[in-house]
Amino acid sequence: MRPFSRLAPLLLLLVLVSPSSPQPQELHEEAGGLQESFLRCVSRLSPDTADPSELVHAPADASYPPLLASTIQNLRFASPQTPGPSLLLTPRTVTEVQASVACCKAHGLTVRARSGGHDYEGLSYRATRPSGGRPFGVIDVAALRTVRVDAARRVARAQPGATLGELYYAVAEGSGGALGFPAGICPTVCVGGHLSGGGFGPVMRKYGLAADNVVDAEVVDAGGKLLNRSAMGEDLFWAIRGGGGGSFGIVVSWTVSLVPVPSVVSAFTVRRLLRRGDEDEEAMLLLLTKWQLVAHALPDDLFVKVAMEPKVDDGGKRRPLVVFKSLFLGNYSGMITQMGIHLPELDIKPSDCREMNWIQSMLYFYGYTNGQPAEVFLDRTLQPKEYYKIKLDYLTSPIPATGLSMLFTKIVEEQGGSIDIDPQGGRMSEIPESDTPYAHRRGYLYNFQYYVKWGGDKNVSYEEKHLGWVRGVHELMTPYVSNRPRAAYINFRDLDLGQNVEGNTSYEEAKVWGRKYFRGNFRRLAMVKAEVDPDQVFWSEQSIPPLVVARRKRKGQRHAGLVLDI
Ligand SMILES: Cc1cc2nc3c(=O)[nH]c(=O)nc-3n(C[C@H](O)[C@H](O)[C@H](O)COP(=O)(O)OP(=O)(O)OC[C@H]3O[C@@H](n4cnc5c(N)ncnc54)[C@H](O)[C@@H]3O)c2cc1C
Ligand SMILES: *[C@@H]1O[C@H](CO)[C@@H](O)[C@H](O)[C@H]1NC(C)=O
Ligand SMILES: *[C@@H]1O[C@H](CO)[C@@H](O)[C@H](O)[C@H]1NC(C)=O
Ligand SMILES: *[C@@H]1O[C@H](CO)[C@@H](O)[C@H](O)[C@H]1NC(C)=O
Ligand SMILES: *[C@@H]1O[C@H](CO)[C@@H](O)[C@H](O)[C@H]1NC(C)=O
């Protein structure tokens, strides 16, 4: 018996629509055009929608360009040449989401779901190749963004268009600061995509990923049906908690368990600007070597990450800036004690530490370090839109001084470059790797995030220069990082790893990138895909391909019969 079946009053009444699933042929014959036919389809399946034209936007409509652009976070994919959807759907209710999916299916459109539009490769709203293959619809669920907190039961229910900032704010307000939620630091990322792909942040060592804390969900499946956890079964419920968005259905609500946070937490940021080739650099190499040995094994309450970026000094020369950033779930005296025990070399003093509450610490980690009010988190456009490319690696053993030295060399080559190193360990390594699709658990000590950003003055050679830098760092890291497979993280989507070919999405080919994201779990994800969306209504260049495996099924055990087989 799941403890959360007691939560019935918290959940919305389920509205089940059984679309009559007209065949594409039938619809196009009756229709003057795709848009008109689609509007009729919506009216039929969602009779309460007063004006379906507010839901359905075609490229020629004045409403389409601004709505499409609204959450394109990576400006690389905002140009008019970027292949976009044949129809953009903006449902305001769950019934409209169901109708949107069923009508896309009926019209032969594949579906891409969009919540916050922060996908690093833009796959929630764009195709990588100009159309010619299967056209697609984007179902943008940003308008579904209610968050309800039940502090007494320590749960919250959030719709997909809620941002992390809105969720954090609601949790802190709703619990008087007693509860928090472990997820990422960018407040404009939406829970729709974030929890679908895992979601890590500064309290992951204590509480794991955001997806590790999901206890129920509602999904609109490829047929337009609304399913809660018990209706979808444990295989689909497993797949949606880390298998990446855009493959299994559209999540229309998450129910998450909230975690206790102390009323006072502490943070510090220590910056060291290096001079190359002198004792500064030697000392930093020693410090980073020690840090690598301890950071993944610290008490769970303590998170100490490292970031590197270039900084122009007074003489106009670019030098490596190394930043240690830490969060401790306790007061500053506890923080100093722990740092003194585990990393005395960093020499943290009381004046380095700041006490605050949990929500302020999330703001602090995002960069608002001056005690700004929590309301800052309610700004849905807080994160600036930029041109960028990001790649991510995992480390299973510390990197030697030669590798660190190489990073110092590379970081000063690119003004828009930065490298973040986040320690895992703690709760992250206690969870067995097959419990959720996120497989990088025990033994995965750190993740390395390589960022490059550039300004709006963009031409192809300019872009290639920046892309070349970030790909070059990734290449140079090869000897130091996880291999067989070289692991990656689906929420840090990277099309350099490989992509599906339209019309021929094969499991065998997708394994090349799929195993990097999910290791042995990729196979189970592909088997779930075959169960719930064999026709690939939900398709993108990195959606999970279906894998049909002949196996014995016992009646009534449809879901229990699917066993992990690595
Ligand atoms: C500035 C910035 C900072 C970030 N920081 C972190 C971090 O600290 N930790 C971390 O783990 N990640 C981080 N990320 C990555 C982020 O978690 C992922 O990009 C996430 O998938 C974005 O979710 P979204 O809804 O905003 O994006 P979208 O682009 O809308 O969606 C991302 C993917 O999920 C699918 N999807 C969207 N909505 C749904 C839905 N309702 N149901 C099913 N599938 C859906 C999309 O089709 C797409 O495949 C960051 C990203 C950015 C841009
Ligand atoms: C989940 O869905 C099933 C089937 O539609 C329904 O019987 C059940 O009451 C729902 N559970 C909750 C907790 O809402
Ligand atoms: C800090 O926290 C510890 C442990 O909770 C407590 O014993 C101590 O009194 C606190 N110190 C201060 C200065 O608040
Ligand atoms: C591209 O942009 C860069 C930086 O603005 C500039 O130096 C370069 O000359 C441009 N190249 C072309 C071909 O326009
Ligand atoms: C589709 O993929 C399979 C498996 O890789 C391959 O054998 C086949 O040739 C591909 N077909 C086309 C048309 O590309």
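As the structure lists them, so they are numbered: ligands from 1, and atoms in each ligand from 1.
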Quick note, ring pair (Phe, Tyr, Trp, His ring centres under 6.0 Å) partners involving residues 245-266, not counting sequence neighbours, are none
Going by the 4.0 angstrom heavy-atom rule, the piece of R112 near ligand 1 is neither
Ligand 1 atoms nearer than 4.0 angstrom to some heavy atom of G184 are 7 (C), 8 (O), 9 (N)
Item to complete: Using atom types as modelled and distance alone, determine if a side-chain donor or acceptor of N521 lies under 3.5 Å from a backbone N or O of T436.
Response: yes
Quick look: P160 vs ligand 1, heavy-atom contacts under 4.0 Å, and the answer is side chain
Cation over ring face, R524 and W238, 6.0 Å, 45°
yes
If we number the atoms of ligand 1 from 1 as shown, the ones under 4.0 Å from a heavy atom of R493 are 48 (C), 49 (O)
Could you tell me if any non-hydrogen atom of G198 lies under 4.0 Å from any atom of ligand 1? no
Near I185 (heavy-atom distance under 4.0 Å), the atoms of ligand 1 are 8 (O)
Tell me whether the count of non-hydrogen atoms from other residues, nucleotides or ligands lying under 6.0 Å of NZ in K385 goes above 12. yes
Centroid-centroid under 6.0 Å between F200 and Y489 rings: yes
The reported gap from OG in S70 to CG in D140 (rounded to nearest 0.5 angstrom) is 6.0 Å
One finds that the ligand 3 atoms under 4.0 Å from a non-hydrogen atom of N331 are 1 (C), 2 (O), 3 (C), 8 (C), 10 (C), 11 (N), 12 (C), 14 (O)
- Query: Does the salt bridge (Lys or Arg N to Asp or Glu O under 4.0 Å) test come out yes or no for K453 and E386, once each step is laid out?
  - Reply: CA-CA 7 Å; K453 292 177 185 170; E386 285 163 316; 3.7 Å; yes
Quick look: Y388 vs ligand 1, heavy-atom contacts under 4.0 Å, and the answer is side chain
To atom 31 (O) of ligand 1, the nearest of G246, S124, G116 on a heavy-atom basis is S124
If we number the atoms of ligand 1 from 1 as shown, the ones under 4.0 Å from a heavy atom of G117 are 24 (P), 26 (O), 27 (O), 28 (P), 29 (O), 30 (O)
Review point. G201: heavy atom below 4.0 Å from ligand 1, yes or no?
Key: no
- Task: Could you establish whether I250 and ligand 1 come within less than 4.0 Å of each other, counting only heavy atoms on the residue side?
- Result: yes
Keeping the roles fixed (side chain from D300, backbone from K206), state whether a donor-acceptor pair exists under 3.5 Å.
-> no
What about D119: any of its N or O atoms under 3.5 Å from an N or O on ligand 1? yes
With a 4.0 Å cut-off on heavy atoms, does F492 reach ligand 1? yes
Heavy-atom gap A210 to ligand 1 smaller than 4.0 Å:
no
Quiz item: Between H474 and L392, is there a donor-acceptor pair closer than 3.5 Å when you use the side chain of the first and the backbone of the second?
Solution: no
With side chains defined as the heavy atoms from C-beta onward, is the minimum distance between P423 and F303 less than 4.5 Å?
yes
Quiz item: Are Y444 and Y394 close enough, and set up right, to give a ring pair (Phe, Tyr, Trp, His ring centres under 6.0 Å), and what steps lead you there?
Solution: CA-CA 6 Å; Y444 285 77; Y394 287 91; 5.8 Å; yes
Going by the 4.0 angstrom heavy-atom rule, the piece of Y125 near ligand 1 is neither
Does Y489 have a heavy atom less than 4.0 Å from any atom of ligand 1?
yes
re atom 13 (C) of ligand 3, the protein heavy-atom contact at minimum distance is S333 OG, 4.1 Å
